[in-house]
Novice: 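Have a look at this one.
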Amino acid sequence: MRKGWRPLLSLFLLGCLPAVHAAPLHLQCEQAAPGPAEAKRIARLANGVVKRDGKHALSVHTAGGTLRLVDKPPHDEPLSGVHYTFCDRRDGFILIAVDDETLGTGLLVNEASGQASRVGHDILFSPDRRAYLATEQPDGMDGARWKIHAVDGTLSWSGYSFIPREGKESEFTASLDTPAWTDTGEFTAMAQCVGPSETRWKVKLIKAKGSWQWLPKRQCPRP
């Protein structure tokens with residue numbers, strides 16, 4: 001590793017506990033709206049744990065207590081109000097979709113502690129379960145907002161699923177997809193130039209010269 005580079009994992013190490021590797025843990029939202037599909041997901045994944053108390057209310061039962069989520073009106077206008085839908089439950093975590101006006105995000109609930117963190121609608125844990133990537137989708141944005149949290153919900157990094165053009169944050173030179181964690185807790189993605197070249201390569205999020213950067217860099221021609 002080049003001098004001065006610090007992998008993302010260092011932000012999440014808690015004491016001197018050894019890393020425990022597990023199967024990838026991925027929670028995500030599909031068809032996030034109350035109705036038959038949600039009822040089937042609750043029955044299959046969270047029977048007795050998550051309950052829809054009405055068209056606009058959900059209850060989530062955890063060891064730390066019951067979390068009651070009530071939608072906020074207006075209910076029948078697009079991109080308005082706040083609405084909750086059960087999405088997924090795996091390995092002690094529950095994911096609730098949150099449609100908050102122009103933002104598609106999610107609530108991650110820890111069943112053991114009852115802690116609920118509003119982080120994103122798609123959650124990808126690192127192999128040691130000490131950190132996770134959360135994805136949010138602001139309405140109208142080309143690309144998504146990516147955020148990396150420690151397992152207690154503390155935000156460690158926030159960015160977007162694209163690489164901005166140097167000196168022009170409003171433009172981006174490459175899109176990012178296929179986010180993933182390495183076995184050692186580093187965060188990677190696939191980059192692809194925007195424009196005629198469509199060059200594609202693997203990048204890693206690394207702290208260099210005091211800021212987080214996607215490396216290695218490549219020159220992409222302007223579209």
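Just so you know, these numbers use all the heavy atoms, side chains as well, and skip hydrogens, waters and symmetry mates.
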Novice: What I'd like to find out is whether the side chain of Leu69 reaches to under 4.5 Å of the side chain of Phe86, using heavy atoms alone.
Specialist: no
Novice: Report the distance from atom CD1 of Ile123 to atom CD1 of Ile94, rounding to the nearest 0.5 Å.
Specialist: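 Interatomic distance, Ile123 CD1 to Ile94 CD1, rounded to 0.5 Å: 13.0 Å.
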Novice: Taking all non-hydrogen atoms of both residues into account, name the closest pair between Gly104 and Asp99 and its distance.
Specialist: CA-OD1, 4.3 Å
Novice: Within the distance-only criterion (no hydrogens, no angle test), does the side chain of Glu38 pair as donor or acceptor with the backbone N or O of Thr85 below 3.5 angstrom?
Specialist: no
Novice: Between Ser161 and Ala144 (side chain of the first, backbone of the second, donor and acceptor by atom type, cut-off under 3.5 Å), is there such a pair?
Specialist: yes
Novice: Looking at side-chain heavy atoms only, is the closest gap between Leu107 and Val60 below 4.5 Å?
Specialist: no
Novice: Check for a donor-acceptor pair, side chain of Glu136 on one end and backbone N or O of Asp122 on the other, with a separation under 3.5 Å.
Specialist: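 A pair under 3.5 Å: no.
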Novice: Quick one: pull up SG in Cys29 and CZ in Arg41 and give me the separation to the nearest 0.5 Å.
Specialist: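 Here the rounded value is 7.5 Å.
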Novice: Knowing that exactly one of Trp212, Trp181, Phe125 qualifies, which makes a ring-ring contact (aromatic ring centres under 6.0 Å, His included) with Phe187?
Specialist: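 Only match with Phe187 under ring-ring contact (aromatic ring centres under 6.0 Å, His included): Trp181.
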Novice: So which heavy atom on Arg165 is nearest to which on Cys220, and how close?
Specialist: NH1-O, 3.9 Å
Novice: Please check this pair: side chain of Thr178 against backbone of Met190, looking for a donor-acceptor N/O pair closer than 3.5 Å.
Specialist: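 Answer holds: no.
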Novice: If every non-hydrogen atom of Ala191 is compared with every non-hydrogen atom of Val203, which pair is closest and at what distance?
Specialist: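 Closest approach of Ala191 to Val203, heavy atoms only: CB-CG1, 4.1 Å.
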Novice: If we ignore hydrogens and angles and just use 3.5 Å, is the side chain of Gln213 paired with the main-chain N or O of Ala208 as donor and acceptor?
Specialist: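 Judged by distance alone, yes, a pair lies under 3.5 Å.
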Novice: Looking at side-chain heavy atoms only, is the closest gap between Asn110 and Phe93 below 4.5 Å?
Specialist: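 They are in side-chain contact.
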Novice: Looking at CG of Leu103 and CG of Asp139, how far apart are the two atoms once the value is rounded to the nearest 0.5 Å?
Specialist: 9.5 Å
Novice: Under 4.5 Å between any side-chain heavy atoms of Pro138 and Arg145, yes or no?
Specialist: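 Yes; the side chains approach each other to less than 4.5 Å.
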Novice: To the nearest 0.5 angstrom, please state how far the CZ atom of Arg200 sits from the OG atom of Ser175.
Specialist: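 Output value for this atom pair is 7.5 Å.
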Novice: With rounding to the nearest 0.5 angstrom, report the CZ to CG distance, Arg129 to Leu25.
Specialist: 4.5 Å
Novice: Are Val70 and Leu67 connected in a single hydrophobic cluster, I mean Ile/Leu/Val/Met/Phe/Trp/Tyr linked by side-chain heavy atoms less than 4.5 Å apart?
Specialist: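 No, no single cluster joins them.
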Novice: Starting at NZ of Lys204, measure out to CH2 of Trp214 and round the result to the nearest 0.5 Å.
Specialist: 11.5 Å
Novice: Using every non-hydrogen atom in the two residues, find where Ala150 and Tyr132 come nearest and quote the distance to one decimal.
Specialist: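 Closest approach of Ala150 to Tyr132, heavy atoms only: O-CE2, 3.6 Å.
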Novice: Check whether the ring centres of Trp146 and Tyr160 lie less than 6.0 Å apart, and answer yes or no.
Specialist: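 Not close enough - the centres of the two rings lie 6.0 Å or further apart.
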Novice: Quick one: does Val194's side chain get under 4.5 Å of Phe162's, heavy atoms only?
Specialist: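 Not in contact.
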Novice: Work out which heavy atom in Met141 is nearest to a heavy atom in Gln137; give both atom names and the distance.
Specialist: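 Of all heavy-atom pairs spanning Met141 and Gln137, the closest is O-NE2, 3.4 Å.
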Novice: Could you tell me whether the side chain of Arg52 and the main chain of Lys55 form a donor-acceptor pair under 3.5 Å?
Specialist: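 Checking the backbone N and O of Lys55 against the side chain of Arg52, a donor-acceptor pair under 3.5 Å is found.
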Novice: Using only atom types and a distance under 3.5 Å, with no angle test, would you say the side chain of Lys147 pairs donor to acceptor with the backbone of Val119?
Specialist: yes
Novice: For Asp128 and Ser126, work out which heavy atoms get closest and say how close.
Specialist: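 Minimum heavy-atom separation between Asp128 and Ser126: OD1-OG, 2.8 Å.
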Novice: Would you call Val50 and Arg89 a side-chain contact if the rule is heavy atoms closer than 4.5 Å?
Specialist: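 Answer no - side chains too far apart.
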Novice: Is there a side-chain contact between Leu108 and His149, using heavy atoms and a 4.5 Å cut-off?
Specialist: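 No - every pair of side-chain heavy atoms lies 4.5 Å or more apart.
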Novice: Should the pair His83 and His75 be assigned to parallel (<30°), tilted (30 to 60°) or perpendicular (>60°) ring geometry?
Specialist: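 If you compare the ring of His83 with that of His75, the planes turn out perpendicular.
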Novice: Looking at Ile148, Thr188, Leu133, Leu215, which one forms a side-chain contact (heavy atoms from CB on, under 4.5 Å) with Leu205?
Specialist: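 Only match with Leu205 under side-chain contact (heavy atoms from CB on, under 4.5 Å): Ile148.
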Novice: Tell me, do Leu176 and Ile163 make a side-chain contact under 4.5 Å, heavy atoms counted?
Specialist: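 Sidechains of Ile163 and Leu176: in contact.
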